[in-house]
Amino acid sequence: MDTSMDTPPVFTSIDPRLEPVVESVLRRNPAENEFHEAVWRLLRTVGPVIRDHPEYLDARLVERICEPERQIIFRVPWTDDAGQVQVNRGYRVEFNGTLGPFKGGLRFHPSVTSSIVKFLAFEQVFKNALTGLPLGGGKGGSDFDPKGRSEGEIMRFCQSFMTELHRHIGEHTDVPAGDIGVGERELGFLFGQYRRITNRYEPGVLTGKGLAWGGARVRKEATGYGCAYFAQEMMRTMGSSLNDRTVVVSGSGNVAIYAIEKVHHLGGQVVACSDSGGYVLDRAGIDLDLLKEVKEQSRESLSVYADRRPGAEFVPGAKVWEVAAEVALPCATQGELDAEDAVKLADAGVQAVAEGANMPCTIEAVEVLRDRGVLFGPGKAANAGGVATSALEMQQNASRDSWTFNHTEARLVEIMKEIHTSCYEMSERCGAPGDYVIGANNAGFVKVADAMLAMGVV
Ligand code: NDP
């Protein structure tokens, strides 16, 4: 998966009082482009709350919010199947623990750097705040590439990674989860090593676990379902819904598959989805059983889907955004939808775009969508269903309980509606009704800033 962002951030406008903060972030975090962009994207939009709360500036809250509480970088040595010693680098960035234990996933992918982890951890702080649940923000991972590695190699890597990480985490301190390259199998190896080292059965230390050992129902579906629910709420503000809408989704991984499933439950029709090799167009509506078989079980290319589905066509090397739709859900990776794609979508009549992935739309794409009057739901709001359900998993672990699928999904729906309402109301208060970027950034920022203010200089 390509997670690079080669183009420098486009700096357009910002409250002048925040310029020194941006300059300081650039100077003190050299060459960390992804982190710079994430900070810039937030600070350029929080002018309204800064104007209303001069006490934030007096307390130097913005500077404090842009500085991680703790960054841990460590060596991960392990032995491959040929008996060769391999060395990877591990990261955990504990960005802000004001609202609860640090919370955020672990990513194992060769593109992982300090900048990527810091950008994801920074985003996570505000996403977690928006859920209204007691969660701080963090993120971690390694430049280890699980692709092509044997199960034994992955286990030895995970054990070595946890041998260092265990001293920094705990159910009241920092609670990692999965992300790209870290699924239930890896979480099992990590949890096993944590239990062995600490001699504690502490399921609340990790989320995304298997159902048999402390996991929660709906966690697998939560990010995709949540994204579809958020899109539904956005459509409702126009007196519409997802029912009978034509939808395109990028990706065909965990987020994409369950976004497609929920769009279908809500009466919409997903006609195209993609993977890193191209996209599949299926005018009759994506066949979910076949998609799960090809991508979840066999982990094959989407071209196999088209080979097996009459009427479907695989378009190699192209982006799914060339397919006309009323709703678009980018659910693959960051930076995958640029200004040109946004123009194509808008020209074809798209009404709403909700981000299932983290920052899949470039700044320029977001501006095109805004100028063309397209509703846009940023990831920190639209994909918060995953972390919200992780918090529900922590709740079940703390009370030694296990909820039903229906009960857990009902809580997820409630949380997504509340996130939508708080973003929408904040956008109105900021004088930009329906601008969910302004709404989400200001609503998340205020929650963190007010709690930090209450706790003094920490
Ligand atoms: P997966 O690894 O399960 O799936 C990613 C999918 O995107 C794969 O189908 C992959 O194709 C495809 N893909 C990769 N690059 C491209 C590209 N350039 N164009 C089109 N498709 C591409 O990841 P997840 O679904 O778990 O995560 C997706 C995104 O959502 C990430 O940004 C992640 O950080 C974010 N996210 C995930 C959450 C979760 O709960 N899983 C929670 C919140 C955010 P291929 O099959 O060929 O590799």
Side-chain angles (χ1 to χ4, degrees), residues 1-5 34 103-109 111-112 116-117 119-121 123-124 127-128 130-131 137 139-141 145-147 176-184 186-187 207-208 216 218-227 230 248-260 272-280 291-292 294-305 314-322 328-338 341 354-362 378-391 393 412:
M1 181 177 296
D2 178 14
T3 47
S4 65
M5 280 193 207
E34 295 84 0
K103 182 87 197 87
L106 297 172
R107 178 177 289 190
F108 292 169
H109 191 271
S111 66
V112 167
I116 296 263
V117 178
F119 127 64
L120 291 166
E123 278 283 293
Q124 196 80 46
K127 180 191 299 190
N128 293 0
L130 282 173
T131 66
K139 198 87 185 183
D145 187 358
K147 269 194 183 155
D179 189 66
I180 295 168
V182 181
E184 195 178 311
E186 291 73 21
L187 286 165
T207 61
V218 193
R219 177 60 193 89
K220 182 174 69 172
E221 295 84 357
T223 307
Y225 276 20
C227 179
F230 195 87
V248 289
V249 174
S250 66
S252 46
N254 173 257
V255 180
I257 286 175
Y258 292 97
I260 296 171
C273 65
S274 59
D275 66 11
S276 50
Y279 72 85
V280 72
L291 184 68
K292 285 183 186 177
V294 172
K295 296 303 296 187
E296 257 186 354
Q297 286 147 35
S298 328
R299 296 175 188 263
E300 290 174 295
S301 155
L302 268 182
S303 61
V304 174
Y305 174 101
F314 181 68
V315 186
K319 287 185 175 181
V320 73
W321 315 125
E322 62 191 36
L329 306 178
C331 296
T333 190
Q334 62 247 37
E336 53 157 321
L337 195 163
D338 61 22
D341 303 320
E355 293 184 325
N358 287 319
M359 277 199 202
C361 298
T362 63
K380 64 167 74 72
N383 73 30
V387 75
T389 308
S390 284
E393 183 175 331
L412 171 65

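First listed ligand is number 1; within each ligand, the first listed atom is number 1. All values below were derived from every heavy atom in this structure, side-chain atoms included, with hydrogens, water molecules and symmetry-related copies excluded. Starting from 1, each residue takes its place in the sequence as its number. Note that the coordinates shown come from a computational prediction; the quantities given were computed from them, not determined experimentally.
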Check your understanding: For ligand 1, which atoms, with element, lie under 4.0 Å from some heavy atom of Arg107?
Key -> 34 (O)
Practice item. Please report the C-alpha distance between Asn358 and Asn383 in whole Å, then the side-chain angles of each, then the deciding distance to 0.1 Å, and finally whether the side chain to side chain contact (heavy atoms under 4.5 Å, CB included) criterion is met. Key: CA-CA 8 Å; Asn358 287 319; Asn383 73 30; 3.2 Å; yes
Exercise for review: Please could you name the atoms of ligand 1 that Arg219 approaches to less than 4.0 Å, counting only its heavy atoms?
Suggested key: 40 (O)
Review point. Counting only N and O atoms by type, is there a donor-acceptor contact under 3.5 Å from the side chain of Glu393 to the main-chain atoms of Thr389?
Key: no
Practice item. Decide side chain to side chain contact (heavy atoms under 4.5 Å, CB included) for Lys319 and Tyr279; before the verdict, give the C-alpha distance in whole Å, the side-chain angles of both, and the deciding distance to 0.1 Å. Key: CA-CA 7 Å; Lys319 287 185 175 181; Tyr279 72 85; 5.8 Å; no
**Study point:** Lys295 and ligand 1 - part of the residue with a heavy-atom distance under 4.0 Å
**Key:** side chain
Review point. Atoms of ligand 1 less than 4.0 Å from Gly356 heavy atoms?
Key: 30 (O), 44 (C)
Check your understanding: Any side-chain donor paired with an acceptor under 3.5 Å for Tyr305 and Glu300?
Key -> no
Check your understanding: Is the closest heavy atom of Ser274 to ligand 1 under 4.0 Å?
Key -> yes
Practice item. Of the side chain and backbone of Asp179, name the one, both, or neither that has a heavy atom under 4.0 Å from an atom of ligand 1. Key: side chain
Check your understanding: Based purely on interatomic distance, does Ser276 place a nitrogen or oxygen under 3.5 Å from a nitrogen or oxygen of ligand 1?
Key -> yes
Check your understanding: Against heavy atoms of Cys331, which atoms of ligand 1 measure under 4.0 Å?
Key -> 28 (C)
Review point. Between Ala256 and ligand 1, is there a nitrogen or oxygen pair with a distance under 3.5 Å?
Key: no
Review point. Under 3.5 Å, is there a donor-acceptor pair between the side chain of Thr131 and the main chain of Ala388?
Key: no
Point to revise | N/O separation below 3.5 Å, Asn383 to ligand 1 | key: no
Check your understanding: Does the side chain to side chain contact (heavy atoms under 4.5 Å, CB included) test come out yes or no for Lys147 and Phe108, once each step is laid out?
Key -> CA-CA 10 Å; Lys147 269 194 183 155; Phe108 292 169; over 6 Å; no
Practice item. Assess whether side chain to side chain contact (heavy atoms under 4.5 Å, CB included) is satisfied between Tyr258 and Thr223, documenting all intermediate values. Key: CA-CA 8 Å; Tyr258 292 97; Thr223 307; over 6 Å; no
Check your understanding: How about Lys103 and Thr207: does a side-chain donor come under 3.5 Å of a side-chain acceptor?
Key -> yes
Exercise for review: For ligand 1, find out whether one of its N or O atoms is nearer than 3.5 Å to an N or O atom of Lys139.
Suggested key: no
**Study point:** Any Met359 heavy atom less than 4.0 Å from ligand 1
**Key:** no
**Study point:** N-O pairing of Glu123 and Lys380 below 4.0 Å
**Key:** yes
Point to revise | ligand 1 atoms in contact with Ala357 (distance to a heavy atom under 4.0 Å) | key: 29 (C), 30 (O), 32 (O), 35 (C)
Check your understanding: Hey, is Thr223 touching ligand 1 through its side chain, its backbone, both or neither, going by heavy atoms under 4.0 Å?
Key -> side chain
